[in-house]
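Chain identifiers are assigned alphabetically (A, B, ...) following the order of the sequence lines, protein sequences preceding nucleic acid strands; residue numbering begins at 1 within each chain.
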Amino acid sequence: MVRYNPKEVEPRWRAAWDEADVFRAETDSSKPKYYVLEMFPYPSGSLHVGHARNYAMGDVVARFKRARGFNVLHPMGWDAFGLPAENAASERGVDPAAWTWDNIAKMREELKRLGLSIDWSRELATCDPAYYGRQQAWFLKLMERGLVYRKEGLVNWDPVDMTVLANEQVIDGRGWRSGAMVERRKLTQWFLRITDYAEDLLDGLKTLDRWPDKVRTMQENWIGKSQGLRLTFQFAGESPESGLEVYTTRPDTLFGASFLAVAPDHPLAENLAQKDPRVAAFVAEVRRGGTSEAEIESAEKQGWDTGLKVIHPFDSTRQIPVWIANFVLMDYGVGAIFGCPAHDQRDLDFARKYDLPVTPVVLPVGEDPAVFHVKQEAYVGPGRIFNSAFLDGLEIEAAKAVAIARAEADGFGKGTTVYRLRDWGVARQRGWGCPIPVVHCSDCGVVPVSPDQLPVELPVDLDFSKPGNPLARHATWKHTSCPKCGAAAERETDTLDTFVDSSWYFARFPNAGAAEPIDKAAADYWLPVDQYIGGVEHAVLHLLYARFVTRALADEGLLSVKEPFAGLFTQGMVTHETYRRQSGEWLEPGSVVIRTEGAHRRAFLADTDEPIVIGEAEKMSKSKRNVVAPADIADVYGVDAARLFVLSDSPPERDVQWTSGGVEGAWRLINRVWAEFDETSPSDGEIDVAASLALRRATHKAIKSVTEAIEGFRFNSAVARLYEFVAIVRNARASTVTPEVRREALAALARLVAPFAPHLAEECWRRLGEGGMIVHAAWPAWDANLVADEERILPVQINGKRRGEIRAPSGATAADVEALLFADPEIAKKLEGLTIRKVIVVPDRIVNVVAA
RNA sequence: GGGGACGUGGCGGAACGGUAGACGCACCGGACUUAAAAUCCGUUGGCCGCAAGGCCGUGAGGGUUCGAGUCCCUCCGUCCCUACCA
């Protein structure tokens with residue numbers, strides 16, 4: 001027997017696939033289409049097994065669907081703009097473009113080595129002018145549609161990266177990449193009007209029935225629709241403004257209002273701050289504490305009494321003070337609220353601190369209105385309204401409707417829907433991104449670059465040695481002429497958020513070389529993506545932006561679908577144990593040896609035998625040095641073993657822990673499979689008919705269970721069924737089965753293994769003497785008659801406890817089973833002396849006897 | 001504070017409301033070998049028992065059901081997301 005040699009076999013088959021160009025997808029086909037896409041990688045320069053798992057999953061789906069007769073599109077690209085290239089440029093003085101293209105070349109080779117069934121002819125990179133130039137083209141179209149606008153406003157400024165961050169990119173008051181405390185700065189920014197689509201994006205979630213509920217919930221919460229009332233309070237006495245508008249979702253509690261509060265950056269507050277330095281000082285102080293650290297965050301309500309009063313709209317005899325409060329946000333609703341301390345915890349905290357009245361207006365069921373009052377906990381539960389004039393006695397929802405109707409009738413308010421979602425700030429002050437294709441002209445203002453001047457390319461000699469935007473300080477790049485009047489003008493030096501790059505790449509793959517941004521015919525054929533696979537960390541931002549851009553492009557006539565991804569799967573990460581010396585220094589897995597002493601595992605430094613601390617399994621990261629590269633595995637076991645293992649141990653949506661033992665298990669499976677094909681089947685001896693039938697049945701059962709496991713994304717279960725099937729095929733060698741049956745089993749085995757270990761499968765297929773390559777072979781079908789057993793073993797329960805079993809023909813009726821049951825001497829013995837009350841028979845599954 | 005997920009052997013994990021622990025890892029025993037590695041075969045939830053067999057067992061407690069890891073309620077724990085959103 002020849003040992004399976006992946007180092008020889010794997011490259012040979014990859015070359016054969018390349019040679020035959022087997023993974024090229026043609027748009028025109030009589031077959032049904034299937035578009036599989038994994039989230040494209042950032043070209044960091046090195047592939048780790050986390051990538052391998054992501055792409056292996058997509059590859060299983062792609063190869064499976066191809067075998068099942070689909071016309072499969074499975075492309076690959078590069079999310080190639082972004083900060084790491086700039087960091088490399090500023091730290092090491094390399095050219096970001098050269099650095100990126102170099103990394104792409106390296107990673108392409110590593111990906112190819114995984115044996116993925118990718119149509120490389122469609123490869124694209126977002127940093128390629130051929131790509132971002134088309135992005136500029138549709139950006140200008142959205143601009144014409146009014147979906148792009150500039151607005152001056154407070155933005156999140158990252159002082160380390162010297163750039164503006166979207167709200168979503170600020171985590172706990174820090175920049176998501178740099179970790180630096182974010183400052184608030186006033187700048188003119190570019191925005192995409194995603195809020196125009198808020199309702200539609202929310203609505204569309206209902207149609208995405210092949211998305212995880214979790215992701216849909218996260219997007220729903222992110223859009224954050226609420227129904228409420230906008231109402232305007234009139235000032236009492238001398239008034240600086242005509243009135244003060246607030247937003248509430250609890251108009252039923254209006255009679256419990258004891259104060260109004262505006263955000264520190266509300267126009268009213270800014271107005272007052274200009275006149276009164278004490279107000280200015282308060283606002284400044286609040287802003288400093290701002291949205292920062294965790295302690296401050298959960299903490300103290302702070303307020304400033306403006307001295308202004310407004311009149312209660314339902315009771316003109318009541319006057320309500322107006323405060324500036326740190327917990328009111330300018331960018332939600334209208335930046336002003338009324339406080340009803342009895343029924344909102346934040347308002348209550350504020351009222352207690354500043355000694356404002358607390359009037360309950362919702363009476364919990366069973367409470368006495370004469371004695372009910374609120375102490376330190378606001379009452380937010382159900383009840384009936386009281387202390388509220390015309391609302392008295394109503395349930396909360398009814399009272400909301402009545403209050404809104406009254407406010408509308410009296411002309412001071414309007415029922416309103418508000419979304420938490422805000423417009424997408426897309427400008428970045430970065431040099432390594434897609435330039436925003438507009439020109440600033442002193443006469444004409446902001447002028448789009450004319451389409452025939454696209455792409456607006458980045459200069460090749462950007463200087464990243466200083467922080468800030470290298471485009472802005474480039475000597476010549478920004479100087480141009482106005483497309484409208486021809487006078488000297490300056491280019492916009494902001495570039496687009498990289499989330500823009502990734503929000504349409506799936507629409508480019510159908511024809512990655514098209515002159516237009518999107519080849520409509522090709523996109524109409526391929527879209528939507530049938531199965532999209534990626535990390536759950538993109539559940540909100542990337543997926544929401546892609547859904548928005550798809551809608552915008554559809555409205556522009558470039559696409560026909562509203563939802564880009566019909567099916568979504570979010571996969572888990574690959575983790576690895578961490579190792580560190582007593583001194584705290586992290587160690588690479590390769591430098592550590594593990595020894596087992598009884599039940600305990602101990603780690604030692606390979607060279608010196610120094611004892612090492614074994615830490616938790618964590619996401620592979622360079623900083624903890626627990627990274628395993630697929631190449632390391634490929635050198636020893638081949639990539640098939642690596643592919644098999646990352647899919648086998650854990651369900652795909654969960655994290656998988658990389659262990660050397662696990663890979664060895666996969667390697668053993670590969671060798672066992674190979675051994676079956678390498679072995680010549682013993683043909684002497686009498687044919688064992690029963691064993692032959694048993695193997696046939698096992699073959700068809702394996703086909704069915706592997707097929708169903710792949711369809712249900714239960715790759716770990718599919719691999720478990722493969723292990724079982726290989727064991728059965730091996731054991732069948734002990735008896736003499738007919739050559740046809742053995743051949744059927746082996747032909748099925750090769751094809752079932754193919755999506756997971758494609759190189760091995762090809763080698764087996766050839767060894768079997770089948771013509772052509774297995775990538776062209778059809779997926780095996782199972783015969784329902786062979787899958788069903790003739791006879792079944794039914795466990796017998798007495799009063800719910802297993803007490804024995806009987807054999808019954810498959811499909812036996814309840815009456816048949818009962819007859820068999822009472823005919824069984826073992827069972828009869830166990831039932832002796834008991835009165836049988838009831839016999840429950842679940843056909844082909846179980847029998848339960850209720851007896852006393 | 002809000003939302004969600006999860007909790008099963010030594011470990012990763014299986015299990016349409018129907019024999020809990022498939023499959024893999026690890027461990028232990030055996031075969032092969034001068035020996036080891038590799039490979040192959042076998043054992044392995046706990047307790048009692050020579051055995052046949054019995055009892056207990058899916059975070060804790062209750063409930064629904066002929067039957068619950070699975071459904072419902074309460075609690076405990078872990079993880080993730082989100083957060084002064086009016």
Side-chain angles (χ1 to χ4, degrees), chain A residues 1 3 168 171-172 212-215 217-218 220-222 224-226 228-229 246-251 253 261 263 291 294 297-301 325-329 331-340 343-347 349-350 380 418-422 536-537 539-540 596 598-601 617 644-645 648-651 653-669 671-672 675 705 714 716-724 727 730-731 793-805 837-842 844-851:
Chain A
M1 167 179 156
R3 199 170 168 79
E168 304 90 285
I171 295 155
D172 289 339
D213 289 342
K214 181 171 70 168
V215 175
T217 306
M218 284 165 81
E220 199 179 311
N221 292 341
W222 195 261
K225 180 178 182 176
S226 75
L229 172 68
V246 306
Y247 173 73
T248 180
T249 55
R250 291 296 302 273
T253 64
T291 54
E297 200 177 64
S298 58
E300 274 310 271
K301 300 276 179 286
N326 65 337
F327 68 95
V328 179
L329 304 175
D331 41 13
Y332 181 78
V334 294
I337 62 157
F338 77 79
C340 175
H343 306 293
D344 183 290
Q345 192 59 46
R346 293 159 308 179
D347 296 348
D349 294 344
F350 191 76
V380 294
V418 166
Y419 301 90
R420 200 189 81 116
L421 182 70
R422 285 160 217 157
V536 73
E537 67 271 22
V540 177
T596 43
H600 292 280
R601 294 174 72 244
L644 209 41
F645 173 64
S648 70
D649 239 26
S650 288
E653 67 278 10
R654 222 178 289 178
D655 292 350
V656 63
Q657 189 180 338
W658 181 272
T659 63
S660 52
V663 195
E664 280 163 24
W667 171 235
R668 274 196 279 274
L669 177 66
N671 281 294
R672 282 181 208 163
S705 53
R714 296 186 305 273
N716 55 327
S717 296
V719 176
R721 300 290 86 79
L722 289 174
Y723 273 101
E724 284 170 344
R730 171 200 286 274
N731 292 337
I793 293 168
L794 303 188
V796 177
Q797 295 181 335
I798 295 170
N799 293 328
K801 294 197 186 235
R802 190 175 185 278
R803 283 290 181 270
E805 57 188 36
R837 296 266 157 80
K838 199 174 174 185
V839 180
I840 292 128
V841 177
V842 183
D844 290 344
R845 290 215 81 103
I846 202 167
V847 184
N848 192 8
V849 182
V850 186

>> Below the 4.0 Å mark, does B:G53 have OP1 or OP2 next to a side-chain nitrogen or oxygen of A:Arg802?
In response: no

>> Check this for me: does the side-chain of A:Lys301 come within 3.5 Å of the base of B:C84 through a donor and an acceptor?
In response: yes

>> Just verifying a value: how many Å separate A:Arg654 CZ and A:Asn716 CG, rounded to the nearest 0.5 Å?
In response: 9.0 Å

> How far, in whole Å, is B:A31 from B:C23 if one measures between their P atoms?
Replying inline: 25 Å

> On a whole-Å scale, what distance lies between the P atoms belonging to B:A5 and B:G10?
Replying inline: 28 Å

> Say you draw a straight line from CG of A:Asn848 to CD1 of A:Ile798; how long is it, rounded to the nearest 0.5 Å?
Replying inline: 9.0 Å

> Hey, does the side chain of A:Asn716 come within less than 4.0 Å of B:A14's phosphate (OP1/OP2), counting only N and O?
Replying inline: yes

> If you check the A:Arg721 side chain, which of B:G13, B:A86, B:C23 turns out closest?
Replying inline: B:C23

> Mind checking the C1' distance from B:C56 to B:G17? Whole angstroms is fine.
Replying inline: 23 Å

>> What's the gap between B:A37 and B:G29 when it is taken at their P atoms, as a whole Å value?
In response: 12 Å

>> Just confirming the chi classification of B:G9, syn or anti, using 90° around 0 as the syn window.
In response: syn

> Does A:Arg654 have a side-chain nitrogen or oxygen under 4.0 Å from the phosphate oxygens OP1 or OP2 of B:G13?
Replying inline: yes

>> Heavy atoms only, 4.0 Å cut-off, all strands: where does A:Gly665 land among base, sugar-phosphate and nothing?
In response: sugar-phosphate

>> Is the distance from the ring center of A:Phe645 to that of A:Trp667 below 6.0 Å?
In response: no

> What is the distance from CD1 of A:Ile798 to P of B:G54, rounded to the nearest Å?
Replying inline: 10 Å

>> Among B:A14, B:C85, B:G3, which nucleotide has an atom closest to any side-chain atom of A:Ser717?
In response: B:A14

Write down the protein N/O and nucleotide N/O pairs, taken from nucleotides 65-69 of chain B, whose separation is under 3.5 Å; answer none if there are no such pairs.
unit_1 : atom_1 : unit_2   : atom_2 : d
B:C66  : O2'    : A:Asn848 : ND2    : 3.2
B:C66  : O2     : A:Asn848 : ND2    : 2.6

>> In whole Å, I'd like the distance from the CG atom of A:Asn221 to the C1' atom of B:A5.
In response: 14 Å

> To the nearest Å, how far apart are A:Gln657 CD and B:C25 P?
Replying inline: 15 Å

>> Only pairs with both distances under 3.5 Å count, Watson-Crick or wobble alike; so what is the partner of B:A31 in this structure?
In response: B:U39

> For A:Tyr723 and B:G24, is the shortest distance between a side-chain N/O and OP1 or OP2 below 4.0 Å?
Replying inline: no

> What's the verdict on side-chain contact (heavy atoms from CB on, under 4.5 Å) for A:Val719 and A:Leu644, showing C-alpha distance, side-chain angles and the deciding distance?
Replying inline: CA-CA 8 Å; A:Val719 176; A:Leu644 209 41; 4.2 Å; yes

> When you match A:Ile793 and A:Gly661 each to their closest nucleotide on RNA chain B, which lands nearer the 5' end?
Replying inline: A:Ile793

> From the list B:C16, B:G12, B:C85, which nucleotide is the closest neighbour of the side chain of A:Ser650?
Replying inline: B:G12

> So what does A:Gly224 hit on the nucleic acid, given a heavy-atom distance under 4.0 Å: a base, only sugar-phosphate, or nothing?
Replying inline: nothing

> Can you tell me how far CG of A:Asp213 sits from CE of A:Met218, rounded to the nearest 0.5 angstrom?
Replying inline: 13.0 Å

> What's the CD-C1' distance between A:Glu724 and B:A22, to the nearest Å?
Replying inline: 6 Å

> Which base sits across from B:U74 as a Watson-Crick or G-U pair, both distances under 3.5 Å?
Replying inline: B:A60

>> In the structure I gave you, are the side-chain heavy atoms of A:Val536 and A:Lys214 within less than 4.5 Å of one another anywhere?
In response: yes

> Rounded to the nearest Å, what distance is computed from the CZ atom of residue A:Phe350 to the P atom of nucleotide B:C85?
Replying inline: 15 Å

> Rounded to the Å, how far apart are A:Asp331 CG and B:C84 P?
Replying inline: 10 Å

>> In whole Å, measure the gap between the C1' atoms of B:A20 and B:U70 for me.
In response: 11 Å

> Going by an N to O cut-off under 4.0 Å, is there a salt bridge joining A:Arg250 and A:Asp344?
Replying inline: no

Give me the distances for all protein-to-nucleotides 37-41 of chain B N/O pairs that come in under 3.5 Å?
unit_1 : atom_1 : unit_2   : atom_2 : d
B:C40  : OP1    : A:Arg672 : NE     : 3.0
B:C40  : OP1    : A:Arg730 : NH2    : 3.4

> Is any side-chain heavy atom of A:Val847 closer than 4.5 Å to a side-chain heavy atom of A:Val839?
Replying inline: yes

> Are any of A:Arg714's side-chain N or O atoms less than 4.0 Å away from OP1 or OP2 of B:G13?
Replying inline: no

>> If I take atom CG in residue A:Asp844 and atom P in nucleotide B:U19, what distance separates them, rounded to the nearest angstrom?
In response: 13 Å

> When you measure from the side chain of A:Ile846, which nucleotide among B:G13, B:G18, B:C85 comes out closest?
Replying inline: B:G18

> How many angstroms lie between CD1 in A:Ile337 and OG1 in A:Thr249, if you round to the nearest 0.5 Å?
Replying inline: 10.5 Å

> Looking only at atom P, what distance separates B:G42 and B:A14, rounded to whole Å?
Replying inline: 25 Å

>> Can you work out whether A:Thr249 or A:Thr659 has the more 5'-proximal nearest nucleotide on RNA chain B?
In response: A:Thr659

> Is there a Watson-Crick or G-U wobble partner for B:U44 with both distances under 3.5 Å, and if so, which one is it?
Replying inline: B:A26

> Counting side-chain heavy atoms from C-beta on, which of B:G54, B:C81, B:G4 comes nearest to A:Met218?
Replying inline: B:C81

>> For B:G1, give the paired nucleotide (Watson-Crick: N1-N3 plus N6-O4 or O6-N4; G-U: N1-O2 and O6-N3; both under 3.5 Å), or none.
In response: B:U82

>> Test your reading of the model: is there a side-chain donor-acceptor pair from A:Arg802 to the backbone of A:Gln797, 3.5 Å cut-off?
In response: no

>> On the six-membered ring of A:Phe350, is A:Lys301 placed so that its NZ or CZ lies under 6.0 angstrom from the centre and within 45° of the ring axis?
In response: no

> Can you tell me how far P in B:A86 sits from the matching atom in B:A68, rounded to whole Å?
Replying inline: 44 Å

> How long is the span from the OG atom in A:Ser650 to the CD atom in A:Gln657, to the nearest 0.5 Å?
Replying inline: 8.5 Å

>> Please give the distance between the P atoms of B:G1 and B:G67 as a whole number of Å.
In response: 39 Å

>> Under 4.0 Å, counting only non-hydrogen atoms across every strand here, what does A:Thr248 touch: a base, just sugar-phosphate, or nothing?
In response: sugar-phosphate

> Atom CZ of A:Arg420 to atom P of B:C85: distance rounded to whole Å?
Replying inline: 10 Å

> At what distance, to the nearest 0.5 angstrom, does OG of A:Ser648 lie from OH of A:Tyr723?
Replying inline: 5.5 Å

>> Under 4.0 Å, heavy atoms only, any strand: does A:Ser648 hit a base, just the sugar-phosphate, or nothing?
In response: nothing

